[in-house]
Amino acid sequence: MAHSPIIAGNHLLPRQRPLVMGIVNVTVDSFSDGGKFLSHQAAIEHALRLIDEGADIVDIGGESTRPGANPIGVAEELDRVLPVIEGLIATGTPLSLDTRKPEVMAAGIKAGVAMVNDVNALRAPGAIEICAAANVAVCLMHMQGEPASMQVRPQYADVVAEVRQFLLTRAAACTGVGIDARRVVIDPGIGFGKSLEHNLALLRAVGEFAGSGFAVMVGVSRKAMFKALLDRATDDRLVPSVVTSVIAAQRGAAILRVHDVRETRDALRIVEALGSI
């Protein structure tokens with residue numbers, strides 16, 4: 001089935017195949033690579049490597065939202081991300097800004113980002129209006145609670161139904177203020193206020209989310225679910241991350257948010273060649 005391209009700023013992102021979003025964490029405490037790319041130059045160089053490996057989108061974040069993370073101030077987040085955005089705009093690769101703060105969204109949009117990726121689904125006052133006034137894509141993620149406490153006994157009566165309803169409600173809020181549905185991406189938020197069983201149920205249901213008509217993003221890269229499922233340390237989760245990402249793509253995910261771009265693109269090429277996507 002043909003899908004309309006995702007509109008992201010001046011970019012039309014085709015959906016003939018799953019898109020790969022490379023992660024650049026300009027943070028001290030991200031769970032997988034916190035501190036590795038805190039300097040602006042290191043973050044830019046890492047992003048350029050991801051682009052060279054085939055990233056369709058680069059997602060830049062200055063505040064960790066890992067389980068147990070505490071928020072940082074607006075000024076500190078801006079100081080982390082703006083120089084990186086400015087250093088990458090000339091590449092022509094669509095840039096995504098991973099932030100919950102409307103002030104950071106506004107500054108990032110002014111600097112040229114094509115997407116706002118918000119774990120809070122644009123619920124902060126002013127966030128949805130800022131994005132509606134621009135031409136950026138928006139990624140709306142589901143998170144139960146806040147990063148500092150979200151993994152403390154998360155509970156749902158029906159995780160798939162509840163997450164789906166939340167995301168469709170937020171997507172409707174976006175389209176209701178004039179955001180084109182082709183600019184809206186939904187993300188079930190694997191690992192954000194979910195147990196292993198919740199994560200597995202959501203991954204089984206990727207097709208249901210894709211059936212909503214909105215593009216779906218899935219991010220499982222190096223997540224703690226692989227510790228719970230396979231007893232793998234953070235730096236030993238490449239294979240399960242790639243395998244799970246490919247399965248999500250086969251079930252309809254439009255965007256895969258990953259640390260390991262080259263390996264994910266290679267795996268996708270194989271299943272594409274076999275006609276499995």
Side-chain angles (χ1 to χ4, degrees), residues 1-8 11-21 56-57 59 94 96 115-123 128 131 136-144 154 156-221 223 225 241-258 264 267-268 271-272 274-277:
M1 181 176 65
H3 296 283
S4 298
I6 298 167
I7 300 173
H11 303 271
L12 287 179
L13 305 178
R15 294 179 57 190
Q16 284 88 353
R17 61 167 178 81
L19 302 169
V20 176
M21 173 185 280
D56 299 292
I57 314 165
D59 191 43
S96 168
M115 176 182 285
V116 168
N117 177 19
D118 183 7
V119 300
N120 198 40
L122 299 183
R123 286 180 291 168
I128 197 168
C131 293
V136 292
V138 295
C139 184
L140 312 170
M141 199 192 78
H142 177 276
M143 174 175 62
Q144 186 179 88
Y156 301 85
D158 182 332
V159 66
V160 172
E162 291 173 44
V163 171
R164 187 176 186 275
Q165 184 58 52
F166 170 84
L167 292 174
L168 293 183
T169 299
R170 294 308 301 155
C174 288
T175 58
V177 295
I179 298 176
D180 191 310
R182 293 170 296 173
R183 290 168 50 196
V184 178
V185 179
I186 58 174
D187 180 348
I190 302 299
F192 282 78
K194 282 96 176 175
S195 67
L196 173 61
E197 290 72 22
H198 296 145
N199 290 328
L200 294 175
L202 290 168
L203 287 166
R204 292 186 194 104
V206 167
E208 292 184 40
F209 291 97
S212 68
F214 296 102
V216 176
M217 183 162 81
V218 171
V220 296
S221 186
K223 290 198 171 178
M225 64 174 285
S241 296
V242 171
V243 168
T244 308
S245 294
V246 169
I247 292 170
Q250 290 176 314
R251 297 187 177 195
I255 304 175
L256 304 174
R257 184 177 183 272
V258 306
T264 305
L268 288 171
V271 295
E272 288 163 13
L274 293 171
S276 298
I277 290 184

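When reading the values below, keep in mind they use all heavy atoms of this one structure, side chains included, and skip hydrogens, waters and symmetry mates. Just so it is clear, the structure is predicted and the values come from calculations on it, not from any experiment.
- A 4.5 Å side-chain heavy-atom check between Arg183 and Ile6 finds every atom pair outside the cut-off.
- The shortest side-chain heavy-atom distance between His142 and Arg170 does not fall under the 4.5 Å cut-off.
- Interatomic distance, CE of Met225 versus CG of Leu196, reported as 6.0 Å (0.5 Å rounding).
- Gly191 and Asn199 make their closest contact through N-OD1, 2.9 Å (heavy atoms, listed as atom of the first residue, atom of the second, distance).
- Here the OG-CG distance, from Ser4 to Leu12, works out to 10.0 Å after rounding to the nearest 0.5 Å.
- Contact of the Leu256 side chain with the Met21 side chain is not registered, since no non-hydrogen atoms from C-beta on lie closer than 4.5 Å.
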Stepwise side chain to side chain contact (heavy atoms under 4.5 Å, CB included) test for Val271 and Gln250
CA-CA 9 Å; Val271 295; Gln250 290 176 314; 4.3 Å; yes

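- Nearest approach of Pro188 to Leu202, heavy atoms of both residues: O-CD1, 4.0 Å.
- The shortest heavy-atom contact between Leu268 and Pro18 is CD2-CG, 4.1 Å.
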Arg17/Asp56 under salt bridge (Lys or Arg N to Asp or Glu O under 4.0 Å): CA gap, chis, key distance, verdict:
CA-CA 11 Å; Arg17 61 167 178 81; Asp56 299 292; 2.7 Å; yes

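- Between Ser96 and Ile57, the shortest heavy-atom distance links the atoms CB-CG2, 4.0 Å.
- Two residues are said to be in side-chain contact when any heavy atoms from C-beta on lie closer than 4.5 Å; Cys139 and Asp118 fail this criterion.
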Begin with the C-alpha distance, continue with both residues' side-chain angles, and end with the deciding distance and a verdict on side chain to side chain contact (heavy atoms under 4.5 Å, CB included) for Ile190 and Leu203.
CA-CA 8 Å; Ile190 302 299; Leu203 287 166; 4.0 Å; yes

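- Here Arg123 pairs with Asn120 under the side chain to side chain donor-acceptor pair (under 3.5 Å) rule; sequence neighbours left out.
- Counting heavy atoms from C-beta outward, Val258 and Val220 have side chains that stay 4.5 Å or more apart.
- For the residue pair Met141 and Ala121, the shortest heavy atom distance occurs at O-CB, 3.5 Å.
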Side chain to side chain contact (heavy atoms under 4.5 Å, CB included) evaluation trace for Thr244 with Lys223
CA-CA 11 Å; Thr244 308; Lys223 290 198 171 178; over 6 Å; no

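- With rounding to the nearest 0.5 angstrom, the CZ atom of Arg182 is 12.5 Å from the CZ atom of Phe214.
- Counting only heavy atoms from C-beta outward, the side chains of Lys194 and Val163 approach each other to under 4.5 Å.
- Under the 3.5 Å distance criterion, the side-chain polar atoms of Ser276 are left unmatched by any main-chain donor or acceptor of Glu272.
- Scanning for side chain to side chain donor-acceptor pair (under 3.5 Å) contacts around Gln165 gives Thr169, with sequence neighbours left out.
- Here the CD1-SG distance, from Ile128 to Cys174, works out to 4.0 Å after rounding to the nearest 0.5 Å.
- Rounded to the nearest 0.5 angstrom, Arg15 CZ and Ile255 CD1 are separated by 8.0 Å.
- Side chains of Phe209 and Arg164 form a contact here, defined as non-hydrogen atoms less than 4.5 Å apart.
- When all heavy atoms of Ala253 and Val218 are compared, the closest pair comes out as CB-CG2, 3.9 Å.
- Leu122 CG to Ile179 CD1: the interatomic distance, rounded to the nearest 0.5 Å, is 6.5 Å.
- Annotation: His198 is in aromatic contact with Tyr156 [ring centroid separation under 6.0 Å].
- Side-chain contact check for Leu140 versus Asp187: every heavy-atom pair is 4.5 Å or farther apart.
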